[in-house]
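For clarity, every value in this text was computed on a predicted model and none was experimentally measured. Numbers here are sequence positions counted from 1.
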Amino acid sequence: MDIKNFLEKEPILDNVKDLKPTVWINPDLKYGETAWENIDISIEDIKEADKRLRRFAPLLMKYFEDTKEYNGVIESPLKRIDKLENKIKNGSEFEGDLYLKMDSHLAVAGSIKARGGIYEVLYLAEKLALENNLITIEDDYSVLASESNRDFFSQYTIQVGSTGNLGLSIGITSATLGFNVIVHMSSDAKEWKKNLLRSKGAIVREYDGDFTAAVSEGRKESDADPNSYFVDDENSKTLFLGYAVAALRIKKQFEEKDITINEDNPLFVYIPCGVGGSPGGVTFGLKKIFGDYAHVFFIEPTHAPSMLLGMATGLNEKISVQDFGIDGKTEADGLAVGRPSGFVGSIMKPILSGIFTVEDKKLFDYMRLLNETENIKIEPSSCAAFEGPLKLKEYELSKNYLEDNSLNDKMKNSTHIIWATGGKLVPENIMQEYLKTYL
Ligand SMILES: *Cc1c(COP(=O)(O)O)cnc(C)c1O
């Protein structure tokens, strides 16, 4: 691919190519109703997904002890991190209140993938169970745990390609409900994730190439079996809606904590991005609810800026980081994606504010910062989000964004959310190694 044209049109792509941390501001961001002109997913679709998840609450409580705290609803705390905030206010121009959305500690799968991944498995289970008269929509779904119903599910196989956490989410949920499950993983997936999956009864297949190769092999194997269902991380609207439900829930958490979001009190959200599905779904929900008052940024590793390249060139899934001479290799295993989702990229075009890139070495610094100030441990991929609030006022382009959107005098009233996307299931010895890692 000849990339010269792109470099001429979008100067920050020089930084991206040179692996320099940078920010890209989306020139196609739209405001008000015009943002939604070409998007055919509605708030009603998100509400329906939320209701479906609630129908499964009794079954989830039966199977997963850690879902009981929220009565079978898989949700994470929104935590004020004022000790960390004070620390960064000392060394940067950061203004506003800082929160951590702890999807790192979601029940069942310990990552943001517990939202979309579990939702898609439940969606399929409900569809099969309704079509075959195992339940009606009014029933208590815990009957699905009976031996005969589990036998029914065991006729079906669910398959997925994953860098790790989606595999954990789909694998654990599918196997627990009684499905057969095959997880196709890239070679850079962490060993402990593969072992955990095998211990739950999932079949793990490994591929030498990256995530994209694992997905295409998985799809091929699944398509060859009429009783197999492939969870398509790159194109699934179902996954996307599962992630979007987060926005309905966070709206309630804001109300409970007296956090106001309006014209004078803007919301900034920073989410690590791999293929784009989970941050994209969350962003979609947030923008549906908070509209122009929400400013959402993705963060990607300098070695895997796939969504940035897809959106900045407009080529979406037709461009890979390798086309830019970038290797796609990063310690952030959850973000090690060379080619973005085109489905997500096109939905993000009118609603995403921008994308930061972060160097791997910073992930470990941020991890220590969070652990030392707040005593919270999250995985390296998850730590990418810290780059957003810390760099917002460092780059000329993001400063211009604040200026252009008349945000400067509102920053003291702003709320900033660092979306912690994973960590709970990381074995303690590996967490300790991460904390001692200096790149
Ligand atoms: C998967 C993942 C992401 C990014 O999600 P995508 O849907 O791939 O964009 C971020 N952080 C962690 C920890 C993840 O597992």
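Only one option out of Glu120, Gln159, Lys127 pairs with Tyr229 in a side chain to side chain donor-acceptor pair (under 3.5 Å); it is Glu120. When each of Phe268, Phe298, Phe297 is paired with Ser353, the side-chain contact (heavy atoms from CB on, under 4.5 Å) condition holds for Phe297 and for no other. Shown are Lys252, Lys257, Lys251; of these, the salt bridge (charged side-chain N to carboxylate O under 4.0 Å, His left out) with Glu255 is made only by Lys251. With Asn15 as the fixed residue, the side chain to side chain donor-acceptor pair (under 3.5 Å) test singles out one of Thr22, Thr302, Thr357: Thr22. Of the options Lys412, Lys410, Lys393, a salt bridge (charged side-chain N to carboxylate O under 4.0 Å, His left out) to Glu95 is made by Lys393 and by none of the others. When each of Leu197, Leu166, Val160 is checked for a side-chain contact (heavy atoms from CB on, under 4.5 Å) with Met185, only Leu197 meets the rule.
The shortest distance between side-chain heavy atoms of Ile430 and Lys190 does not fall below 4.5 Å. For the pair Phe6/Val16, no side-chain contact is recorded, criterion being any heavy-atom separation below 4.5 Å from C-beta on. Leu392 has its side chain within reach of Phe356: a pair of non-hydrogen atoms, C-beta onward, lies under 4.5 Å apart. The closest side-chain heavy-atom distance from Pro350 to Ile39 is below 4.5 Å. Side-chain contact between Ser341 and Asp233 is absent, with no heavy-atom pair separated by less than 4.5 Å. Residues Ile112 and Val282 form a side-chain contact, since some pair of their non-hydrogen atoms from C-beta on lies under 4.5 Å apart. Looking at Ile376 and Lys79, their side chains come closer than 4.5 Å, going by heavy atoms from C-beta outward. Proximity of Ile271 to Ile417: side-chain heavy atoms (C-beta onward) are nowhere separated by under 4.5 Å.
A donor-acceptor pair under 3.5 Å is absent between the side-chain atoms of Asp97 and the main chain of Thr415, judged by distance alone. Of the possible donor and acceptor atoms, none in the side chain of Glu10 sits under 3.5 Å from a partner among the backbone N and O of Ala312. In terms of modelled atom types and a separation under 3.5 Å, the side chain of Ser216 and the main chain of Ala213 share a donor-acceptor contact. Looking at Asn262, its side chain does come within 3.5 Å of a backbone N or O of Asn265 through a donor-acceptor pair. Judged by distance alone, the side chain of Arg249 and the main-chain N or O of Ser76 form no donor-acceptor pair under 3.5 Å. Remark: the backbone N or O of Gly422 is paired with a side-chain donor or acceptor of Ser382 at under 3.5 angstrom. In this structure, Asn26 contributes its side chain and Lys349 its backbone to a donor-acceptor pair below 3.5 Å.
The list of ring pair (Phe, Tyr, Trp, His ring centres under 6.0 Å) pairs with a residue in residues 49-78, not counting sequence neighbours, reads Phe56-Tyr141.
Between the CH2 atom of Trp24 and the CG atom of Leu309 there is a distance of 10.5 Å, given to the nearest 0.5 Å. To the nearest 0.5 Å, the span separating CG on Leu363 from OG1 on Thr330 amounts to 6.0 Å. Distance CG/Leu60 to CG/Asn71: 12.0 Å, rounded to 0.5 Å. For the atom pair OG of Ser414 and CG of Asp264, the computed distance is 12.0 Å after rounding to the nearest 0.5 Å. Taking CE of Met431 as the start and CG of Leu425 as the end, the distance is 9.5 Å to the nearest 0.5 Å. Between the CD1 atom in Ile299 and the CH2 atom in Trp419 there is a gap of 13.5 Å [rounded to 0.5 Å].
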(Q) Would Ile46 and Leu241 count as a side chain to side chain contact (heavy atoms under 4.5 Å, CB included) here? Give the steps. (A) CA-CA 6 Å; Ile46 306 177; Leu241 284 171; 4.1 Å; yes
Q. Taking it one step at a time, do Ile25 and Asn400 satisfy side chain to side chain contact (heavy atoms under 4.5 Å, CB included)?
A. CA-CA 9 Å; Ile25 298 296; Asn400 292 348; over 6 Å; no
(Q) Show, in sequence, the C-alpha distance, side-chain angles and deciding distance for Lys17 and Asp14, and conclude whether the salt bridge (charged side-chain N to carboxylate O under 4.0 Å, His left out) test is met. (A) CA-CA 5 Å; Lys17 189 174 181 320; Asp14 263 330; over 6 Å; no
Q: Go through Glu75 and Lys101 one step at a time and tell me if the salt bridge (charged side-chain N to carboxylate O under 4.0 Å, His left out) criterion holds.
A: CA-CA 10 Å; Glu75 196 42 74; Lys101 181 59 178 154; 2.9 Å; yes
(Q) Phe343 vs Glu234, test: side chain to side chain contact (heavy atoms under 4.5 Å, CB included). Steps then yes/no. (A) CA-CA 7 Å; Phe343 160 69; Glu234 291 166 330; over 6 Å; no
Q: Quick one: do Glu379 and Lys193 satisfy salt bridge (charged side-chain N to carboxylate O under 4.0 Å, His left out)? Show the steps, please.
A: CA-CA 13 Å; Glu379 65 187 88; Lys193 292 184 181 175; 3.3 Å; yes
Q: Just do the side chain to side chain contact (heavy atoms under 4.5 Å, CB included) check on Leu308 and Ile12 with the steps written out, would you?
A: CA-CA 10 Å; Leu308 193 163; Ile12 72 111; 4.2 Å; yes
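Of the charged side-chain nitrogens involved, at least one lies within less than 4.0 Å of a carboxylate oxygen, so that Lys391 and Glu387 count as a salt-bridged pair. The pair Asp365-Lys362 fails the salt-bridge criterion, with no side-chain N (NZ, NE, NH1 or NH2) lying under 4.0 Å from an Asp/Glu carboxylate O. A salt bridge does not link Arg55 to Glu138: none of the charged nitrogens lies less than 4.0 Å from a carboxylate oxygen.
Nearest heavy-atom pair across Ser174 and Val121 is OG-CG2, 3.5 Å. Residues Ser306 and Arg339 share a closest heavy-atom pair of CB-N, 3.8 Å. Among all heavy-atom pairs drawn from Glu300 and Gly274, the shortest one is OE2-O, 3.9 Å.
More than 12 heavy atoms of other shown residues, nucleotides or ligands fall within 6.0 angstrom of atom CD in Glu256. Under a cut-off of 6.0 angstrom, the local environment of CD in Glu131 is crowded, with over 12 non-hydrogen atoms contributed by other residues, nucleotides or ligands. Few gaps surround CG on Asp28; more than 12 heavy atoms of other groups in view lie less than 6.0 Å from it. Within 6.0 Å of CZ in Phe230 there are more than 12 heavy atoms belonging to other residues, nucleotides or ligands. Applying the 6.0 Å contact sphere to NZ of Lys9 captures no more than 12 heavy atoms from other residues, nucleotides or ligands.
The aromatic rings of Phe284 and Phe240 sit tilted relative to each other, their planes meeting at an angle between 30° and 60°.
With no hydrogens or angles considered, a side-chain donor-acceptor pair links Ser142 and Asp140 at under 3.5 Å. With 3.5 Å as the limit, one finds no donor-acceptor pair spanning the side chains of Tyr123 and Arg52. Side chains of Asn405 and Tyr31: a donor on one and an acceptor on the other come within 3.5 Å.
A cation-pi arrangement is absent between Lys30 and Trp36, since the terminal nitrogen or guanidinium carbon is not both under 6.0 Å from the aromatic centre and inside a 45° cone about the axis.
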